[in-house]
There are 2 protein chains.
Amino acid sequence: MNEIAAKSWTRETVVADLERAILEHRLPPGTKLGEDDLSDAYGISRTIVRAALLALSHRHLVELRRNRGAFVAQPSIRDAREVFEARALLEPRTARSAALRMTDDSLDILRANIRQEHDALDAGENDRALFLSGRFHVEIARIADQTTIESFISELISRSSLIIALYWRRRAALCETQAHHALLDAFERKDGDAAEQLMKSHLLDLLASLDLRHVSQPPASLREALQR
Amino acid sequence: MNEIAAKSWTRETVVADLERAILEHRLPPGTKLGEDDLSDAYGISRTIVRAALLALSHRHLVELRRNRGAFVAQPSIRDAREVFEARALLEPRTARSAALRMTDDSLDILRANIRQEHDALDAGENDRALFLSGRFHVEIARIADQTTIESFISELISRSSLIIALYWRRRAALCETQAHHALLDAFERKDGDAAEQLMKSHLLDLLASLDLRHVSQPPASLREALQR
DNA sequence: CGCAACAGGATTGTATACGAAACTGTGTCG
DNA sequence: CGACACAGTTTCGTATACAATCCTGTTGCG
């Protein structure tokens, strides 16, 4: 297999590259991430690949099974609920903080993000739009200037991307950018109360758009499904 | 150097052992964790040690510096504030959930934990008491049956232990067990409101007992201090 | 024909070897 | 006497080799 680029890969860059591929659903949940495959693909040794996979497993993006290998995580319905419960605890208050600390530069960043979301949707690149939608949430945490909470939210957003890949019901994603626009309005007014409320309902909307009723989750492959 | 035990160490057990040593302040903030030292101490190769250190760095218990080595993390004053802000967002609501789901078995676990805290304090083992005090908080998250939030809280508690090691002001730790007793009362009554409120003020008390005014944090060693 | 045992291949887990970077101490020059 | 440069030592970063485990296909027996 050809190498991906002539770039000199480090653990961090490999993690970032893999994470992006997972978030954009180029590596759907359940995909096996063989160490040899990855080391060949990146043109590096298994040592770095293993470190990268270990790092991703700590963020619950990759599931490590002893002597079996690494797989893109397949969050259970329970995981999905828990992730959104955690987001409900963290994000609304963080959005409030962000609103109070909002600057013109920060607003520009958020506006640009929303614009990119629109462009991606117009181009039919839904997965890329989803990725950018996640970036929007992480950016808010960054603006709130809370590194610790930001890292938690970042992990939760990433896991949400997997959850959406598995349980997304509606196909129309318009509600998404609509909510982001409303949040932007609140941020422009530096209205903390509104931002907190909007984020709260935005998350509830998201959760409501998932289909978490079924006992069986769509397996990425028959093999994996039967291994469970 | 002699090996610690004849045990066959895995990455997980090494992580757990190191984490406990850090939480009980046998490895104070700033301590250098040389890979060769650790591999000799545990009687394993550096491969596993490196994986363990990487895992601990993801929990912010260990700081990895490229080509310099691993050190027990020294949270900054800003880190300290952020950790307690995150705890304030997560723990009160989690205590409420725990109160509503409380069972007799869970109560027994919490009571036993408090008893151990007392025993440790009576025996003058303050660091062990601190470790157990942290366990109390994690146990509450476990009872709330929220694995995702539990893992966040677990990380925050561990970091709090480092923060307390660096910034603890009072020497009397009585307020600690007092607050835990009050929480237990609320849990026994399955009083979610009270549990949430008590946890909230408990965290504020904790934060207030820290000395976060100074610009300079006590360096664990002169060398490390000057390296910054 | 079906099931179980076994052997071969593939993949991961661990250890070790080598190269690179940084720290420490010494020596020389200004 | 002090500062800078350089070399030795230590420690980390990466690659590779070997061992252990698991998957898979085949074969033999009931």
Side-chain angles (χ1 to χ4, degrees), chain A residues 1 3-18 27 30-58 61-73 219-228, chain B residues 1 3-18 27 30-58 61-73 219-228:
Chain A
M1 187 180 294
E3 296 168 12
I4 291 177
K7 184 173 174 180
S8 91
W9 294 95
T10 69
R11 174 171 57 81
E12 282 90 358
T13 57
V14 170
V15 167
D17 196 68
L18 279 176
L27 295 173
T31 306
K32 164 137 198 187
L33 303 173
E35 297 182 0
D36 280 323
D37 297 339
L38 291 175
S39 59
D40 286 348
Y42 286 107
I44 55 180
S45 87
R46 279 177 48 219
T47 308
I48 301 179
V49 171
R50 281 181 70 82
L53 291 175
L54 185 59
L56 288 168
S57 81
H58 289 134
L61 290 182
V62 160
E63 189 180 345
L64 257 39
R65 304 191 200 166
R66 189 175 177 84
N67 287 321
R68 292 202 192 171
F71 302 81
V72 178
S221 75
L222 197 54
R223 278 209 43 69
E224 280 309 307
L226 301 178
Q227 272 177 359
R228 298 207 152 226
Chain B
M1 185 182 294
E3 298 170 11
I4 291 177
K7 185 172 173 180
S8 89
W9 294 95
T10 69
R11 173 172 55 82
E12 282 89 359
T13 57
V14 170
V15 167
D17 196 68
L18 280 176
L27 295 173
T31 306
K32 165 136 196 188
L33 302 173
E35 297 182 358
D36 281 322
D37 296 339
L38 291 176
S39 59
D40 286 348
Y42 286 107
I44 53 179
S45 86
R46 280 178 47 220
T47 307
I48 301 179
V49 170
R50 281 180 72 82
L53 291 175
L54 185 59
L56 288 168
S57 81
H58 287 133
L61 289 182
V62 160
E63 190 180 344
L64 257 38
R65 304 190 202 168
R66 189 177 176 85
N67 288 321
R68 291 203 194 171
F71 303 80
V72 178
S221 75
L222 198 53
R223 278 208 44 67
E224 280 309 307
L226 301 178
Q227 271 178 359
R228 299 211 146 220

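Here the structure is a predicted model, which means the values were calculated and not measured.
- Distance B:R11 CZ to C:dT14 C1': 13 Å, rounded to the nearest Å.
- Taking atom CD of A:E63 as the reference point, atom P of C:dT12 lies 14 Å away to the nearest angstrom.
- Rounded to whole Å, atom P of D:dC22 lies 14 Å from atom CZ of A:R65.
- Residue B:L38 contributes atom CG, which lies 14 Å from atom P of C:dA15 at whole-angstrom precision.
- Rounded to the nearest 0.5 Å, atoms OG1 (B:T47) and CZ (A:R50) are 9.0 Å apart.
- Computed from coordinates, the B:K32 NZ to C:dC23 P distance equals 9 Å when rounded to whole Å.
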Name the pairs: protein N/O against N/O of nucleotides 5-7 of chain D, kept only if under 3.5 Å.
none

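- Position along DNA chain D of the nearest nucleotide to A:N67 versus A:I48 favours A:I48 as the more 5'-ward residue.
- In this structure, B:D37 atom CG and D:dT11 atom C1' are separated by 10 Å, rounded to whole Å.
- Remark: B:K32 NZ to B:D37 CG distance equals 8.0 Å, nearest 0.5 Å.
- Counting only heavy atoms from C-beta outward, the side chains of A:T13 and A:Y42 never approach each other to under 4.5 Å.
- Counting only heavy atoms from C-beta outward, the side chains of A:L53 and A:L38 approach each other to under 4.5 Å.
- Regarding contacts with the backbone of C:dG13, a side-chain N or O of A:R50 is found under 4.0 angstrom from either OP1 or OP2.
- With B:L56 as the fixed residue, the side-chain contact (heavy atoms from CB on, under 4.5 Å) test singles out one of B:V72, B:V14, B:L18: B:L18.
- Listed by chain and number, the residues in a side-chain contact (heavy atoms from CB on, under 4.5 Å) with A:S39 are A:D36, A:R46, A:V49 (sequence neighbours excluded).
- Distances shown here put every side-chain N or O of B:T47 at or beyond 4.0 Å from the OP1 or OP2 atom of C:dT14.
- Between the CG atom of A:L53 and the C1' atom of C:dT11 there is a distance of 13 Å, rounded to whole Å.
- The side chain of B:R68 contributes an N or O atom lying less than 4.0 Å from OP1 or OP2 of C:dC23.
- Closest-nucleotide positions on DNA chain D for A:R66 and B:G69 were compared, and the one nearer the 5' end corresponds to B:G69.
- In this structure, A:E35 atom CD and C:dT12 atom C1' are separated by 6 Å, rounded to whole Å.
- A donor-acceptor contact under 3.5 Å is formed by the side chain of A:R46 with the base of C:dG13.
- Considering only heavy atoms from C-beta on, B:D17 comes within 4.5 Å of B:W9 through its side chain.
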